[in-house]
Amino acid sequence: MSDSAPEAGSEPTSAPRRDFIRELVADDVANGHFGRGPATRFPPEPNGFLHMGHAKSICLNFGIAREFGGTCNLRFDDTNPATEDVRYVEAIQRDVQWLGFQWDNLFFASDYFEKLYDIAESLVLKGKAYVDSQNEEAIRAGRGTVTTAGTPGPYRDRTVEENLDLLRRMRAGEFADGTHVLRAKIDLAHANMIMRDPLLIRIRHAHHYRRGNDWCIYPLYDFAHGLSDAIEGITRSLCTLEFKDSREIYDWLVKEAGFEQPPTQIEFARLELDYTILSKRKLLRLVNEGHVTGWDDPRMPTIAGLRRRGVRPEAIREFCETIGVARKDARVEIAAFEHAVRNDLNSDVPRVLCVLNPLKVVLTNYPEDVVEDLDAPSFPHDVPKTGSRRMPFSRELYVDRDDFMEDPPKKFYRLAPGKEVRLRFGYLITCNDVVKNDAGEVIELRCTYDPATRSGQAPDGRKVQGTIHWVSAAQALSCEVRVYDRLFSQPDPDAVPEGQDFIAALNPQSLVVIADAKIEPSVANDPIGSRYQFERTGYFMSEVESSTPEKLVFNRIVGLRDSWAKEVKRG
RNA sequence: UGCCCCUUAGCUCAAUUGGCAGAGCGUCUGACUCUGACUCAGAAGGUUCUAGGUUCGAUUCCUAGAGGGGCAACCA
């Protein structure tokens with residue numbers, strides 16, 4: 001490399017942001033630290049569906065493998081027979097692939113049980129582990145507290161022979177659950193609670209979704225995780241901050257097990273999102289208690305829920321990139337996610353007109369039996385895509401109730417008595433009369449159109465401030481629109497008064513179903529699952545699970561930015 | 001009365017390793033516009049948690065303190 005000015009075109013391809021983890025991996029590659037290429041893994045327990053927090057981890061682990069020419073495994077950390085299920089294994093694989101990633105190897109920690117057992121025996125042989133036969137309470141008491149040291153129990157100094165015999169009989173299934181555990185022999189007074197003779201293996205006579213009933217001694221996380229990484233030749237084991245204290249036992253175990261150049265654990269902050277909960281345990285509660293329709297409810301922050309809602313994997317990946325990776329707890333604004341979703345859809349999906357809350361408009365000076373076809377481009381001028389559709393126009397139309405006010409405030413650009421607006425892709429119309437029912441509710445607007453303004457422009461040069469969306473009443477399709485909003489009504493759903501929990505923070509308006517919205521007929525033959533921007537409203541997708549040829553059902557993916565709503569809110 | 005981690009703009013993160021504190025999102029203003037969208041331009045927003053110390057120079061190194069978080073599951 002010379003010091004001379006870079007030549008045109010030699011500009012480095014705008015390097016992606018380097019977080020502290022990527023810096024380390026880049027250093028590994030440059031210096032050949034592990035004697036092998038970068039190897040990561042994504043290690044979910046198959047006890048629930050993947051959510052945005054997992055997406056962050058997936059983008060990190062698979063992204064690093066991709067960027068540095070390394071490998072990334074999908075490993076199921078299935079060491080707890082009580083909570084796991086094939087159903088989750090299948091859902092997780094589908095979600096990872098949908099996000100756009102493919103694993104180099106598919107592994108299961110439950111395939112390592114024999115290897116882990118062999119390591120357990122070797123630890124016993126070295127006097128580094130022992131079988132403890134105290135009950136659960138005694139073990140807990142013997143561990144001490146964060147401020148007081150623990151004390152050795154009565155079985156801590158069993159002979160190697162006795163430990164080996166008991167361990168083998170544990171494996172043979174001779175003992176009941178809870179009668180014995182294998183513990184590492186480290187230090188009951190260790191400053192790090194994790195290191196106070198951590199439990200390695202416990203007895204569970206239970207059905208495991210993959211092992212059936214053939215195995216009854218299950219390794220615990222601390223024992224299984226690091227050794228599984230080491231068995232797979234992982235170089236950097238990425239996990240979240242709460243495992244910080246586990247790193248010490250991780251290092252202890254891979255060293256005692258004799259791995260050369262073992263993996264190193266690196267911790268990063270787990271994702272927290274405004275107005276959202278990202279905890280499998282709590283999400284499971286929402287499912288089980290029926291607050292949502294399932295793991296794939298479009299309001300859920302799960303990958304399956306977001307997919308069903310209409311969010312695309314590109315948006316999730318872009319979001320994960322913008323939030324970065326750091327070593328401190330972080331709560332990300334939901335606005336950042338919504339921005340990524342809009343940004344992804346804006347340049348790609350066609351525009352369409354849909355009236356969510358129909359209000360009839362009769363054009364009193366338009367002939368009764370005429371239907372015109374108006375040409376409507378499907379993309380705005382700044383989206384480099386072509387295409388258009390025909391929109392029928394007639395005497396009776398629908399516009400959105402939000403676009404009319406009988407007594408509007410200043411700066412209301414839409415329809416009001418005596419005011420003129422432009423119909424998108426169509427004529428200028430002026431509101432003359434307001435028809436009300438007995439209850440005093442507005443049920444119809446009587447307007448006149450200016451026949452000279454079919455182009456949307458007035459020949460005399462007069463300007464209108466507002467352009468509103470509309471559909472022709474006779475040709476419009478009736479459809480159902482599900483307007484989804486945040487699942488929780490406060491930024492931190494756990495910040496509820498004493499005695500309540502996050503359930504109390506649920507947003508009662510998180511789903512508003514509009515049974516009879518009116519959409520332009522051009523969408524009739526589009527495949528179900530198509531995404532659109534409903535102009536001036538938001539992004540929507542017809543839902544495969546609910547739509548029928550007779551009646552389309554649309555999910556709102558995300559609303560458009562709405563500076564008028566902000567103006568109104570400000571008063 | 002323990003151990004460990006964290007603290008830079010409203011939010012998320014940078015700062016080439018001790019050298020003029022920046023970016024994206026958000027907010028506000030303006031331009032453009034047949035979407036109050038998009039796009040573009042601009043602005044506001046900082047005692048870098050506090051107090052000392054080292055240094056010509058500290059966001060960066062040291063000490064103490066404050067605030068936040070994690071660890072005492074036979075869960076992961």
Side-chain angles (χ1 to χ4, degrees), chain A residues 17-19 43-45 47 77-80 82-84 132 135-136 139-141 143-150 177-183 189-196 199-204 218 220-222 224-225 239-248 267 269 271 274 280-281 319 321-340 342-343 346-347 351 353 376-377 380-383 411-414 421-426 428 455-457 464-469 491 533-538 559-567:
Chain A
R17 188 156 71 189
R18 276 289 175 80
D19 49 73
E45 184 189 12
N47 65 346
D77 261 3
D78 52 355
T79 56
N80 182 0
T83 54
E84 297 155 4
D132 195 341
N135 64 28
E136 204 171 331
I139 288 175
R140 187 175 325 149
R143 192 152 32 218
T145 71
V146 290
T147 54
T148 60
D177 291 4
T179 51
H180 307 279
V181 292
L182 184 74
R183 300 180 73 176
H190 203 286
N192 180 354
M193 293 295 297
I194 301 266
M195 297 297 277
R196 320 249 263 224
L199 273 60
L200 270 21
I201 291 177
R202 83 286 204 176
I203 301 171
R204 279 285 176 281
Y218 287 89
L220 280 125
Y221 170 84
D222 281 321
H225 193 84
C239 66
T240 44
L241 248 25
E242 70 270 24
F243 294 105
K244 187 95 190 169
D245 291 338
S246 287
R247 189 159 85 209
E248 208 167 354
E267 309 85 13
L271 173 65
D274 265 2
K280 266 197 272 185
R281 206 189 83 250
F319 172 70
E321 201 168 304
T322 64
I323 57 173
V325 179
R327 249 171 307 214
K328 77 178 164 198
D329 297 314
R331 179 171 288 270
V332 180
E333 291 176 336
I334 195 78
F337 179 63
E338 292 171 349
H339 174 267
R342 289 188 200 107
N343 199 37
N346 176 50
S347 57
R351 271 60 172 173
L353 265 35
H381 61 91
D382 57 349
V383 170
K411 295 206 284 189
F412 184 79
Y413 301 157
R414 289 113 100 140
V421 297
R422 174 165 39 236
L423 296 176
R424 180 75 164 149
F425 309 122
L428 303 180
S455 67
Q457 308 294 339
V464 292
Q465 278 273 34
T467 300
I468 65 174
H469 57 284
Q533 185 196 94
F534 291 179
E535 289 206 33
R536 305 208 311 129
T537 304
L560 257 28
R561 281 183 79 215
D562 188 351
S563 51
W564 172 245
K566 281 173 198 153
E567 181 81 25

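First the proteins, then the strands, lettered A, B, ... as listed; each starts at 1.
Residues A:Trp564 and A:Arg414 have side chains in contact (heavy-atom distance under 4.5 Å, counting atoms from C-beta outward). A:Leu241 places a side-chain heavy atom less than 4.5 Å from the side chain of A:Asp329. For the pair A:Ile468 and A:Arg536, the minimum side-chain heavy-atom distance is below 4.5 Å. For the pair A:Asn346 and A:Asn343, the minimum side-chain heavy-atom distance is 4.5 Å or more.
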Quiz item: What string of B, S and - do you get for nucleotides 3-8 of chain B, 5' to 3', if B is base contact, S is sugar-phosphate-only contact and - is no contact with any protein heavy atom under 4.0 Å?
Solution: SSSSSS
Quiz prompt | Annotated protein contacts, base or backbone, on nucleotides 39-44 of chain B with a non-hydrogen cut-off under 4.0 Å, one of B, S, - each | solution = S-----
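Not a single side-chain hydrogen bond (donor to acceptor under 3.5 Å, both in side chains) links A:His339 to another residue, sequence neighbours left out. Residues forming a side-chain hydrogen bond (donor to acceptor under 3.5 Å, both in side chains) with A:Arg202 (at least two apart in sequence, or on another chain): none. By the ring pair (Phe, Tyr, Trp, His ring centres under 6.0 Å) test, A:His469 pairs with no residue at all, sequence neighbours left out. In this structure A:His190 satisfies the ring pair (Phe, Tyr, Trp, His ring centres under 6.0 Å) test with no other residue, sequence neighbours excluded. Qualifying side-chain hydrogen bond (donor to acceptor under 3.5 Å, both in side chains) partners for A:Thr179, counting only residues two or more places apart in sequence or in other chains: none. Legend: residues meeting side-chain hydrogen bond (donor to acceptor under 3.5 Å, both in side chains) with A:Glu338, ordered by chain and number and at least two apart, are absent.
The residue A:Asn135 sits close to a base: some heavy atom pair falls under 4.0 Å. Across all strands shown, A:Arg281 has no heavy atoms under 4.0 Å from either base or sugar-phosphate atoms.
Rounded to an integer number of Å, the gap from A:Glu267 CD to B:A76 P is 18 Å. Between the CZ atom of A:Arg183 and the P atom of B:A73 there is a distance of 11 Å, given to the nearest Å. Between the C1' atom of B:G2 and the CE atom of A:Met193 lies a distance of 9 Å, rounded to the nearest Å. Between the NZ atom of A:Lys566 and the C1' atom of B:U27 there is a distance of 8 Å, given to the nearest Å. Rounded to whole Å, the distance from CG on A:Leu200 to C1' on B:C75 is 15 Å. Rounded to a whole Å, the CD1 atom of A:Ile194 is 14 Å from the P atom of B:C75. Atom CD1 of A:Ile334 is separated from atom C1' of B:G26 by 14 Å (rounded to the nearest Å). In this structure, A:Arg422 atom CZ and B:U35 atom P are separated by 7 Å, rounded to whole Å.
Here B:U55 is in the anti range [glycosidic angle more than 90° from 0].
At distances below 3.5 Å, not a single donor-acceptor pair connects side-chain atoms of A:Arg561 with backbone N or O atoms of A:Arg342. At least one donor-acceptor pair under 3.5 Å links the side chain of A:Arg183 to the backbone N or O of A:Arg196. Although no hydrogens or angles enter the test, the distance criterion places no donor-acceptor pair under 3.5 Å between the side chain of A:Asp78 and the main chain of A:Glu84.
Contact annotation: A:Thr322 does not reach the phosphate of B:C13 (side-chain N/O to OP1 or OP2, under 4.0 Å). At the phosphate of B:C75, OP1 or OP2 sits under 4.0 Å from a side-chain N or O atom of A:Arg204. The shortest distance between the side-chain N/O atoms of A:Arg202 and the OP1/OP2 oxygens of B:A73 is not below 4.0 Å.
Between the CG atom in A:Asp222 and the CD atom in A:Glu248 there is a gap of 11.5 Å [rounded to 0.5 Å]. To the nearest 0.5 Å, atom CD of residue A:Glu567 and atom CG of residue A:Asp562 are 11.0 Å apart. The distance from atom CG of A:Asn192 to atom CG of A:Asp245, rounded to the nearest 0.5 Å, is 4.5 Å. Separation of atoms CG (A:Leu199) and OH (A:Tyr221) is listed at 16.0 Å; rounding is to 0.5 Å.
Put simply, the side chain of A:Arg331 and the base of B:U12 share no donor and acceptor less than 3.5 Å apart. Residue A:Gln533 places a side-chain atom within donor-acceptor reach of the base of B:U35, judged by atom type and a 3.5 Å distance cut-off alone. Put simply, the side chain of A:Glu333 and the base of B:G10 share a donor and an acceptor less than 3.5 Å apart.
Nucleotides B:C32 and B:G68 are separated by 46 Å at their C1' atoms, to the nearest Å. With both ends at atom P, the span from B:G22 to B:A15 equals 14 Å, rounded to whole Å. Going from the C1' atom of B:A37 to that of B:G69 covers 40 Å, rounded to whole Å. Distance noted for atom P between B:A44 and B:A23: 12 Å (whole Å). Rounded to whole Å, the P atom of B:U1 lies 46 Å from the corresponding atom of B:C20. Taking the P atoms as reference points, B:C13 lies 10 Å from B:U7, given to the whole Å. Taking atom P in both B:U63 and B:C6, one finds a spacing of 14 Å when rounded to whole Å. Only the P atoms considered, B:G26 is 15 Å distant from B:A41, to the nearest whole Å.
Between A:Asp132 and A:His180, the side chains place no donor N or O within less than 3.5 Å of an acceptor N or O (distance only, hydrogens not considered). Looking only at atom types and distance, the side chain of A:Gln457 has no donor-acceptor partner in the side chain of A:Ser455 under 3.5 Å away.
Side-chain proximity of A:Arg143 to B:C71, B:U35, B:C74: nearest is B:C74. Side-chain proximity of A:Leu220 to B:C75, B:U12, B:A72: nearest is B:C75.
We find that A:Glu535 and A:Arg351 are not joined by a salt bridge, their nearest charged nitrogen and carboxylate oxygen being 4.0 Å or further apart.
Where RNA chain B pairs in unbroken runs of 3 or more (Watson-Crick or G-U, both distances under 3.5 Å), the stems are B:2-7 with B:66-71, B:10-13 with B:22-25, B:27-31 with B:39-43, B:49-53 with B:61-65.
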Dump the pairs, protein N or O against N or O of nucleotides 58-60 of chain B, anything under 3.5 Å, distances to one decimal.
none

Review item, nucleotides 29-33 of chain B N/O atoms under 3.5 Å of protein N/O:
none

So which protein nitrogen or oxygen atoms get under 3.5 Å of nucleotides 15-19 of chain B's nitrogens or oxygens?
none

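Nearest-nucleotide positions on RNA chain B for A:Leu199 and A:Ala269 put A:Ala269 closer to the 5' end. When the nearest nucleotides of RNA chain B are assigned to A:Tyr221 and A:Leu423 by heavy-atom distance, the more 5′-ward of the two goes with A:Leu423.
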Practice problem: Carefully, step by step, assess A:Glu45 and A:Thr83 under the rule side-chain hydrogen bond (donor to acceptor under 3.5 Å, both in side chains). | Solution: CA-CA 9 Å; A:Glu45 184 189 12; A:Thr83 54; 2.9 Å; yes
